[in-house]
2 protein chains.
Amino acid sequence: MADVATAAGVSPMTVSRVINGDARVLPATRDKVQEAIGRLGYVPNPAARNLAGARQCRLVLLHTNPSAAYLSEFLLGSLASARKSDAELIVEQHDSGESPAALAARLAAHRVDGVLLPPPLCDDEALLASLASQRLEVAQVATGAPASTAHAVFIDDEAAAFAMTMHLLEQGHRRIGYVSGSPDQSASHLRRRGYKRALKDFGIDIEEVLIVPGDYTYRSGLEAAERLLNPSIRPTAIFAANDDMAAAIVGAAHRMALDVPGTLSVCGFDDTAIATATWPELTTIRQPVSAMAHRAITILANSIRRKDGSQSIAMQRVLLPFELVRRGSDARLEAGT
Amino acid sequence: MADVATAAGVSPMTVSRVINGDARVLPATRDKVQEAIGRLGYVPNPAARNLAGARQCRLVLLHTNPSAAYLSEFLLGSLASARKSDAELIVEQHDSGESPAALAARLAAHRVDGVLLPPPLCDDEALLASLASQRLEVAQVATGAPASTAHAVFIDDEAAAFAMTMHLLEQGHRRIGYVSGSPDQSASHLRRRGYKRALKDFGIDIEEVLIVPGDYTYRSGLEAAERLLNPSIRPTAIFAANDDMAAAIVGAAHRMALDVPGTLSVCGFDDTAIATATWPELTTIRQPVSAMAHRAITILANSIRRKDGSQSIAMQRVLLPFELVRRGSDARLEAGT
DNA sequence: CTGAAAGCGCTTACAG
DNA sequence: CTGAAAGCGCTTACAG
């Protein structure tokens, strides 16, 4: 930095201002400095910036066995976003076996300022309470139940499930099975509600026998398929609350020699990698995972740095758009079927 | 740190020595310091350590569309290991569209000292050459072809494929199909060679028609299944060069109403998440992904820091053990079948 | 075996 | 709008 300063004929302080985008620097001065930076190939040393500034920001991404596909996409998005925000991101696992106290100690040891909570941890109330009592900034990602002590970034799960069910209805399906997600994730309830509302709005009676429980694993999808694919009740379409379960249903259908989508339409939710790894590829709801990670990190970083005097800033609520992506696993119900 | 020093009645220098495990500190002094550290809940500030010491170490993990399951496991392992080694790890994508020059510029901007190359990038010779010319330390992970300019961490792919084929042979199978991996990954060749060698050692003629090409994607596994499951040539067992393809074969077999493992045994390679997401779960070769990440990072960090005078230290070669994990997708060939 | 000095590369106040 | 001073929390030599 000193070299840049002498090369540009200014003080190091001015170079610092240019780097940090201080608006008060004269355009002419700024240009001189920028030129020197470019010519010398100067890159600021982050360690020094952290040391000098008090505006350090260390975030932790807490996860517990989510699907690998979701986690890697979320991780990549978070890492990229953290770097842009000049925040340090550490990644830690927190399983149900660990006590809140043990976790608190771990976070303190890492001098964490903020916590990122993807599902299913985003809905863990005990965890949320413990974090709040440690005065940490927390962001819930993809939750269906924003907490009063946390920021939250999510899609409208209910509307998404409604849209997907509507889509199936418009394809002519009337008997649509539903495989729900873990009851301990708030989004699961919203998704099922969206499914039910679409049916009602369309004037169709809900058949409880067509709604079977799942827990987002492939395995649970297989079990659900066993029930729903029984000839005595088999619907013409099945909407699963996530892609893993939808993929399992496609697999089970094939095993029973049922054609997808000819005889059975199957739709998923999330648009993770498995959605395009099955055949036919899954029609599903795309969640903007990395955008969600990005927003969550930005909110956390800003709110941690802005934490000067005005201590209690309102918790942010960010609703991001979903998208129904149509692929090959669903089809119009033919009259004769 | 100053607080700890006064609390323990020593100089900050001594505290620093204790933290860094300097062997010359008297046990008595060390204990006093440790006690003070514990009591005060002191945690060293990494930014300051980096700034003060010249032994900073910044690593980049370069990836390009590997399977999500592999990437997330590798990422998690790398992140944890980097933190232990006190190395900063940044994660970047490098696709074939990007020129070596553009990548070089990106790495320079990030002041990278070392590069971690998981497959398939570990076998990209142009990339390896470009990195070497930038005098970066690089570690190839899971490669079958260690480069002279890089450290390498790998398993014995040939021996692993040999072991799996042997296992199938011992189960009574004589006609064993093989689905190979991308020819541009060095490990693919080793795996196929292991398969062939087992057959030869067992005194069985190789049927070229049973060896079909794949590229590690689920899709390619489906295509391979189409060929191998044709009644005219159908083998009693199929060994796929990775789990994704093996899962596709299980799926295809089910669609054709073939029982796995009753009528057809299927084995995979890697033991990624998909191996336990299919039904039956896949018998496969477990690669110690996170251990591999850990070793690669440790080697990189040490060699970067040790880079004092003795400039050209030998490139390391680390062979890690694999494990054949037996699950439900293979069975003994019954006499009548 | 332990300590006093200087400095890593920036940024925060504080001046002007 | 720009600069001179001091300091962030450690570690590297260098003494003793």
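So you know, we letter chains A, B, ... as the sequences are listed, proteins then strands, and number each from 1. Note that the coordinates shown come from a computational prediction; the quantities given were computed from them, not determined experimentally.
For V91(B) against R83(A), the heavy-atom pair with the smallest separation is O-NH2, 4.0 Å.
Across dT2(D), dG9(D), dT11(C), the shortest atom-to-atom separation from the side chain of M1(A) is found for dT11(C). Proximity note for Y42(B) (side chain, C-beta onward) versus dT2(D), dG3(C), dC10(D): the nearest is dC10(D).
Nearest-nucleotide assignment on DNA chain C puts the 5′-proximal partner with G9(B), out of G9(B) and R24(A). Nearest-nucleotide positions on DNA chain D place P27(A) closer to the 5' end than the other of P27(A) and P12(A).
Nucleotide dA4(D) has no partner under the Watson-Crick or G-U criteria, as no pair reaches both atom distances under 3.5 Å. Judged by Watson-Crick or G-U wobble contacts below 3.5 Å, the nucleotide dA13(C) has no partner.
For dC10(D), the OP1/OP2 oxygens have no side-chain nitrogen or oxygen of S16(B) closer than 4.0 Å. Look at T29(B) and you won't find any side-chain N or O under 4.0 angstrom from OP1 or OP2 of dC1(C). Neither OP1 nor OP2 of dC1(D) sits under 4.0 Å from any side-chain N or O of T14(A).
For the pair D22(A) CG and dT11(C) P, the interatomic distance rounds to 11 Å; values are reported in whole Å. Straight-line distance from the CD1 atom of I19(A) to the P atom of dC10(C): 7 Å, rounded to whole Å. In this structure, CZ of R17(B) is placed 11 Å from P of dA4(C), rounded to the nearest angstrom. The distance from atom CE of M13(B) to atom C1' of dG9(D) is 13 Å, rounded to the nearest whole Å.
The structure places CD of E137(A) at 10.5 Å from CD1 of I299(A), a figure rounded to the nearest 0.5 Å.
Of the N and O atoms on the side chains of Q185(B) and D123(B), not one donor lies less than 3.5 Å from an acceptor on the other residue.
Here the side chain of D95(B) pairs no donor or acceptor atom with the backbone of G97(B) at under 3.5 angstrom.
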